[in-house]
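I have placed the structure first, in the form of structure tokens, so that the comments after it can refer back to it.
FYI, the numbering just counts along the sequence from 1.
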Amino acid sequence: MTEDGHTAQIRRTEYGIPHILAGDFDGLGYGYGYAFAQDNVCELADQIVTLRGERSRFFGPDGDSGEGVNLASDTYYRGQLRTGTVQRLLDRKAPLGPTPEVRRMVEGYAAGYNRYLRDTGVDKLPDPRCKGKPWVRPVTALDLWSIVYDLNGATGAVPLAPDIGDAKPPTAGQATAASATSGLKTAASLGAGGQGPAADDFGSNGWALGKDATRSGHAMVLANPHLPWVGGNFRFYQVQLTIPGTLDVSGAGLYGTPLVLIGHNRDVAWTHTASDAQHASFYALKLAPGDPTSYVVDGRTEKMQRRTVPITVRDKNGSPATVDRTLYTSRFGPVLSTGWTTKTAYAVRDANADNLRSMNEWLAMGKAHNLRQLRTAQDTYQGIPWTYTLAADTSGSTYFTDSSVVLHLTDAQLKRCTLPGSEDAPTALDGSTTACDWGNDPDALVPGIYGPSHQPKLSRTDYVANSNNGPQYTNPEAPLTGFPGTYDIEPRLGQRPQLGLRMIAERLDGTDGLGAPGFTQHTLRESMTGNRVLSAETGRDDLVDMCRAHPRLTATDGKEIDVQQACATLARWDTRADTDSRGAALWVTFFDHLQGAGPPDTWRRVPYDPAQPLTTPRGIKGDDVRVQHALADAVQDFAARDVPVDVELGAVQKWAGIPLPGCTGDKGCFNVVEAGPDAGTGTPTAGAFGSSFVMAVELTADGPRTHTVLTYGQSANPASPHYTDQTRLFSRKQWVTERFTEAEITGDPALKVTTLHR
């Protein structure tokens, strides 16, 4: 309780950003849950429907995607509930289970959300998408812990939920067809070197700049996660959480998680980027002859476990019916529909299958006063599920690590145990021998993962940086090597990581046009919003030379295309992906065609050279017929859509009608954004992807100086004033000046205070 007896205060500053003040963790969660419900009640309610396995009950077995997607999803999640997986993990004591403080936060959050529902009434909710809907119901602490568990499994079993839910043994001589709703989508979408599921929609840029990289000598952190803009699972919500004398942390958390996951306190700032390491693996099961539900390990036959789960399904007339579904599980984990024949089946083993520890870790990180305490938090709980950490503190030091939950496989095992995949089945480990099982580390908190002693780590006073590349080039002056191969599946740098490192180097040299060498708060923000496109910086001139020499080109379909106007547009273009850039949209379309024409090294003027990893590949071979086809095809595309080739980027890339800058990382855009002209509109809302919660913080002796922008705003409710208010800022390269101290919060002219009593 706070001093005057109330449970919590919600103090909202401009753009609806809540600052939750309470006297204990129960009250802090209570205020957070209430504030979040005010903005996003529909999103959380919808998440809970999924996690309770009730989508078929309320929305029918097919949903918007068709082909039984809801029924398959419900099968997976009802199976999770019937096995009691989350409750079993909750029954553990810390560090394996939640700490008392985190438990109280989650319980308070559930109570605060439910209080909002009681106060408002489902029939009077402000969001028309769920107003009066029967699926909007009170939540429990177990529901919220299920959200955490689902988040932790986002690079393992969770994206395969429909594939797992649809799994059934084949009839004799036939494989089960891969589900059209599968998160697997055969070997094409596999990550981790083809041995585990990929999270294709995860990405980020993260910089931690030390005292030697800044003009003030203060450390700085840039957070720039790239995640989907639609759906409750991976949207950020900005918040400050304060218990005087105990916790004061500001930043953003994912929907339904009652903590700050990326942010800062007075002394430490941190961000995360998606790790390139392996967090799950597929195992190929050698099936027993004549029995496709038994498999052989070390010459002994084991029976798959079967679990029947009843699913309530709404039929076409709206009447409920119960359908019994069966899940199959092996010693490695759940069995997939994909690739299941009479001889072979596939299972997925997820290193985060026993992980609720992440919440302990994020709370401890938020309380850390220096990098040493942050590292201690990570070593103690070992719960960051699938991201790198980049951090800095007021000493001017920076730190990078992959402390995520990485499966324990030696390089020798990977070489010996990996079985090739095909169009119908994933690349997998040999499940017929225990020699291919995950190993154990003495300092690992749980079996099967690497402990802190094996994790890549780097401390610097200049900088550490990551853009979803492997750890090796965190800082090219001190390459990280010598760790297990499961930590660095693809050492080769992509376009976006190359650009990020180039941007830092040019800022430190003062050669980027932003003034004297070294970062300031202003130049850090300018770097973020510069909207540079590396593929254009290194290849646009090659393309212009080609099209000037060949003003008419042949398209893939054989038609001759006049490209003179397109060529002139590209020649005038500044190679930036700003909203008003004319040429960016054309370049994006051209490059998409070119990437589909064959391996990049075959059409690059300078192919990849391992001896020059930061600067190759680059350029474009203008005399390559595929390059010429790609430009002609792009011009054809624009003509077919009746769009001029010199259209401004913001005219074709929008959110709710607001022009958006940026492009995708495969083009070498640092500011990743992907959206069509109808993004942010319609029912359901058309999707977008990319920069989400952007934070630039400077850690000074007088406290943090921070600027942020939450690109899609605090609320997913299209009727809310905070649905697009920050999108307009993002479009104009503007930021919100964070209010962190009491004086800053109480001095805001837009301040609105809600006091909650329990």
Side-chain angles (χ1 to χ4, degrees), residues 72 75-85 88 149 153 155-171 175-176 178-179 182-184 186-187 190 192 194-197 278-309 325-355 407-409 413 417-419 421-422 424-440 446-449:
T75 304
Y76 172 81
Y77 285 109
R78 293 298 292 178
Q80 290 280 0
L81 289 172
R82 289 179 76 86
T83 58
T85 302
R88 173 176 54 81
Y149 186 75
T155 57
V158 169
L160 303 173
D163 201 310
I164 294 166
D166 269 345
K168 51 187 175 292
T171 57
T176 300
S179 167
S182 168
L184 180 60
T186 70
L190 300 184
Q195 315 227 349
Q278 193 169 339
H279 305 101
S281 61
F282 294 120
Y283 274 94
L285 308 180
K286 180 182 177 182
L287 301 181
D291 183 0
T293 60
S294 294
Y295 57 100
V296 178
V297 181
D298 291 342
R300 299 173 62 108
T301 299
E302 297 184 13
K303 195 75 176 173
M304 293 178 187
Q305 296 178 353
R306 302 188 193 198
R307 181 172 293 106
T308 301
V309 292
R325 302 269 289 182
T326 303
L327 288 165
Y328 296 85
T329 305
S330 70
R331 62 156 59 195
F332 305 105
V335 178
L336 309 177
S337 172
T338 296
W340 195 346
T341 70
T342 55
K343 295 182 178 180
T344 307
Y346 293 88
V348 59
R349 184 177 179 187
D350 189 348
N352 283 292
D354 59 358
N355 183 15
L407 57 90
H408 191 298
L409 282 172
Q413 282 181 298
C417 295
T418 301
L419 303 175
S422 67
D424 300 316
T427 300
L429 300 171
D430 185 355
S432 69
T433 171
T434 53
C436 297
D437 284 355
W438 297 354
N440 299 310
V446 296
I449 67 172

Open item on the list: Which label fits W438 and Y283: parallel for a plane angle under 30°, tilted from 30 to 60°, or perpendicular past 60°?
Closed with: tilted
Between [X] (side chain) and [Y] (backbone), is there a donor-acceptor pair under 3.5 Å?
X	Y	value
T433	C436	no
D350	A157	yes
Y149	A353	yes
N440	P447	no
D163	S337	yes
W340	V335	no
R325	G165	yes
D298	T434	yes
T83	Q80	yes
Q413	A435	yes

Quick check: do [X] and [Y] have side-chain heavy atoms less than 4.5 Å from each other?
X	Y	value
R306	T293	yes
K343	L287	no
R307	Y328	no
L409	L429	yes
V297	R331	yes
I164	L336	yes

Task: Partners meeting salt bridge (Lys or Arg N to Asp or Glu O under 4.0 Å) with K303 (sequence neighbours left out) - done: D291
Open item on the list: Minimum heavy-atom separation for L407 and A351, please, with both atom names.
Closed with: N-CB, 4.3 Å
Task: Chi angles and distances behind the side chain to side chain donor-acceptor pair (under 3.5 Å) call for S432, D430 - done: CA-CA 6 Å; S432 69; D430 185 355; 2.6 Å; yes
- [ ] With sequence neighbours left out, write down each residue that passes ring-ring contact (aromatic ring centres under 6.0 Å, His included) with Y77, or none if nothing qualifies.
- [x] none
